[in-house]
Amino acid sequence: MNHHKRPLVIGNWKMNLDYVEALHLGQQLGVLMKNKPVEHTDVVLAPPFVDLRSVTSIVESERIPVDIAAQHVNAHDNGAHTGEISVSMLKRLNVKWILIGHSERRAMYAMSDDVVSATLRSVTRAGVQAVLCVGEAAEVREAHEHEAHIAAQLASALEGLDEKARELVSIAYEPIWAIGTGQTATSEEVSAMMAHIRSVLAHLSCGGARVLYGGSVNADNAPSLVLEGNVDGFLVGGASLKAESFMSIVQSCDDCYDGKR
Ligand code: PGA
C-alpha cells in the first residue's frame with residue numbers, strides 16, 4: 001500500500017443485479033459496515049443506471065458510509081442521444097463519481113480515446129469525481145509495450161486539464177487480461193505499473209491522483225496486493241457482488257492504512 005493517500009475501493013457491479021437485488025446488497029453492506037466500521041477508506045458502489053435511485057435512497061436512509069458512482073456517462077450535456085445518460089442527470093441523483101473508459105466500454109462499445117477525453121472533461125466540469133480506467137491487452141504486454149500504451153492512454157485523457165479538474169481525477173489500472181479471468185496481475189507487475197503510472201501522472205501535473213488496481217481482485221489476493229502492490233485501492237468487479245467478499249477487500253485496505261498522512 002502506498003501509505004500517503006487515503007485508500008479508495010470501488011465496487012463495479014457491471015450489468016448485474018436488478019433494483020431489488022441491488023437494494024438487498026446495499027442493505028447487507030450497511031449491516032457489515034455497522035458491525036465493523038471502515039475508518040480510513042473511501043468506499044464507492046457503482047450499480048447499473050436503473051439501480052442508482054434505489055441504492056442512493058437506501059444509503060441515505062440507513063446512513064451507510066459509501067458514495068455512489070455511475071459506470072459510464074455520455075460526454076454531451078443533453079439532446080438527441082437515444083439511450084444515453086448525462087452528467088447532470090447523474091448529479092441530480094447524488095452520484096458523486098463516474099467511471100470513464102472502462103475497457104469493456106472501449107472494446108465492446110467503441111469508446112475511443114477522444115470520447116474518453118471529452119467525457120472526462122464533462123464530468124470534471126460538473127465537479128463530479130472521475131475514475132479514468134486504463135489497461136493493456138495481453139498482446140501489448142507480451143510485446144513489452146504496456147508502459148508506452150498506458151502512458152499514451154493517460155496523456156490522451158489528461159493533457160491540458162485545468163487544475164480544478166485534475167483534483168477530481170483518480171486512475172484505475174486494469175490490465176484487460178486480468179479482468180474477470182481469475183488471472184490477477186502479480187504484486188510485482190502491479191507495483192511496477194503503479195510506479196510507472198505515478199511518474200507519468202507527475203509529468204501531467206496529476207501527481208495527486210489516487211491509482212487503483214483492478215482485475216480479478218478478491219478477498220484472498222487483496223491483502224498481498226495491498227502489502228506489495230503499492231496501490232491506493234481497488235476497482236473490484238465480480239467480488240463486489242457479494243457483501244462479505246467486497247467488505248473483506250475494503251478491510252484489507254483499511255487495516256493497512258497507517259493514518260499518518
Ligand atoms: P473483475 O472486474 O474484478 O471481475 O476482474 C474488474 C473490473 O472490470 O472493474
Side-chain angles (χ1 to χ4, degrees), residues 6-19 22-23 25-27 29-30 33 38 41-102 104-106 109 111-134 157-158 160-172 206 208-210 212 214 232-233 235-237 240:
R6 190 176 159 87
L8 167 64
V9 180
I10 306 174
N12 174 11
W13 296 359
K14 306 195 179 183
M15 196 173 73
N16 296 295
L17 310 182
D18 64 29
Y19 86 93
L23 265 179
L25 179 55
Q27 270 160 341
L29 289 168
M33 291 180 93
V38 175
T41 305
D42 292 332
V43 182
V44 176
L45 308 176
F49 286 135
V50 295
D51 298 351
L52 287 171
R53 180 84 170 148
S54 47
V55 177
T56 48
S57 349
I58 183 106
V59 160
E60 280 157 24
S61 66
E62 309 266 319
R63 294 176 205 277
I64 304 171
V66 299
D67 270 352
I68 303 304
Q71 299 171 14
H72 174 63
V73 74
N74 192 276
H76 296 90
D77 290 342
N78 54 27
H81 297 280
T82 302
E84 291 294 297
I85 303 282
S86 72
V87 178
S88 59
M89 293 172 185
L90 295 174
K91 259 188 101 166
R92 188 87 167 151
L93 285 173
N94 220 3
V95 165
K96 301 278 197 251
W97 299 76
I98 301 180
L99 309 186
I100 301 173
H102 189 280
E104 287 153 17
R105 302 294 322 171
R106 294 180 191 252
Y109 302 97
M111 193 173 185
S112 65
D113 279 344
D114 286 350
V115 174
V116 169
S117 168
T119 308
L120 186 76
R121 275 153 181 79
S122 340
V123 168
T124 52
R125 218 180 309 122
V128 176
Q129 315 234 41
V131 182
L132 170 66
C133 304
V134 296
L158 300 175
L161 269 191
D162 63 38
E163 197 185 330
K164 203 171 137 261
R166 293 198 297 260
E167 283 171 7
L168 294 167
V169 172
S170 300
I171 307 296
C206 275
R210 285 182 278 192
L212 316 182
D232 296 318
L235 178 54
V236 185
S240 70

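Counting from 1, the numbers follow the sequence of the chain as shown. Computed from a prediction, not measured in an experiment: that's the story for all the values here. Below, each value reflects all heavy atoms present in this structure, side chains not excepted, and no hydrogens, waters or symmetry copies.
Remark: Arg125 CZ to Lys164 NZ distance equals 10.5 Å, nearest 0.5 Å. Interatomic distance, CG of Leu90 versus CD1 of Ile98, reported as 4.5 Å (0.5 Å rounding). Between Leu23 atom CG and Ser57 atom OG the span is 7.0 Å, to the nearest 0.5 Å. Note: Glu167 CD to Gln129 CD = 10.5 Å, rounded to the nearest 0.5 Å. The structure places CG of Asn94 at 10.5 Å from CG of Leu52, a figure rounded to the nearest 0.5 Å. A distance of 6.0 Å separates CH2 in Trp97 from CG in Asp42, rounded to the nearest 0.5 Å.
Under a 3.5 Å cut-off, the side chain of Arg106 and the backbone N or O of Cys133 do form a donor-acceptor pair. At least one donor-acceptor pair closer than 3.5 Å links the side chain of Gln71 to the backbone N or O of Ala46. Panel note: side chain Arg210, backbone Arg6; a donor-acceptor pair is recorded below 3.5 Å. Although no hydrogens or angles enter the test, the distance criterion places no donor-acceptor pair under 3.5 Å between the side chain of Arg53 and the main chain of Leu93.
Ser117 and Arg121 are linked by a side-chain donor-acceptor pair at a separation below 3.5 angstrom, with hydrogens and angles left out of the test.
No side-chain heavy atom of Tyr19 sits less than 4.5 Å from a side-chain heavy atom of Val50.
For Leu120 against Ala157, the heavy-atom pair with the smallest separation is CD2-O, 3.3 Å. Heavy-atom minimum distance, Ala22 versus Asp51: CB-OD2, 3.4 Å. For the pair Ala209 and Ile171, the tightest heavy-atom approach, listed with the atom from each and the gap, is CB-CG1, 4.4 Å. Of all heavy-atom pairs between Ile58 and Gln27, the closest is CD1-CG, 3.4 Å. In terms of heavy-atom proximity, Gly11 sits nearest to Ser240 at CA-CB, 3.5 Å. Residues Val128 and Val87 approach most closely at CG2-CG1, 4.1 Å, considering heavy atoms.
Residues passing the salt bridge (Lys or Arg N to Asp or Glu O under 4.0 Å) test with Asp67, sequence neighbours excluded: none.
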Exercise. Can you check side chain to side chain contact (heavy atoms under 4.5 Å, CB included) on Leu158 and Arg166, steps first, answer last?
Worked result: CA-CA 8 Å; Leu158 300 175; Arg166 293 198 297 260; over 6 Å; no
For this session: Apply side chain to side chain contact (heavy atoms under 4.5 Å, CB included) to the pair Val73 and Thr119, showing each step before the final yes or no.
Result: CA-CA 7 Å; Val73 74; Thr119 308; 3.5 Å; yes
For this session: Please assess Lys96 against Val44 for the test side chain to side chain contact (heavy atoms under 4.5 Å, CB included), listing each intermediate value before the final yes or no.
Result: CA-CA 9 Å; Lys96 301 278 197 251; Val44 176; over 6 Å; no
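Of the listed residues (Val43, Val9, Val66), just one forms a side-chain contact (heavy atoms from CB on, under 4.5 Å) with Val38, and that residue is Val43. Applying side-chain contact (heavy atoms from CB on, under 4.5 Å) to Pro47 and the options Ile68, Asn12, Thr56, Leu17 leaves one that passes, Ile68.
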For residues 76-85, please give each side-chain donor-acceptor pair under 3.5 Å, one per line with the distance, not counting sequence neighbours.
from, atom 1, to, atom 2, distance (Å)
His76, ND1, Asn74, OD1, 2.9
Glu84, OE1, Asn74, ND2, 3.0

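Surrounding CZ of Phe49 are more than 12 heavy atoms belonging to other residues, nucleotides or ligands, all under 6.0 Å away.
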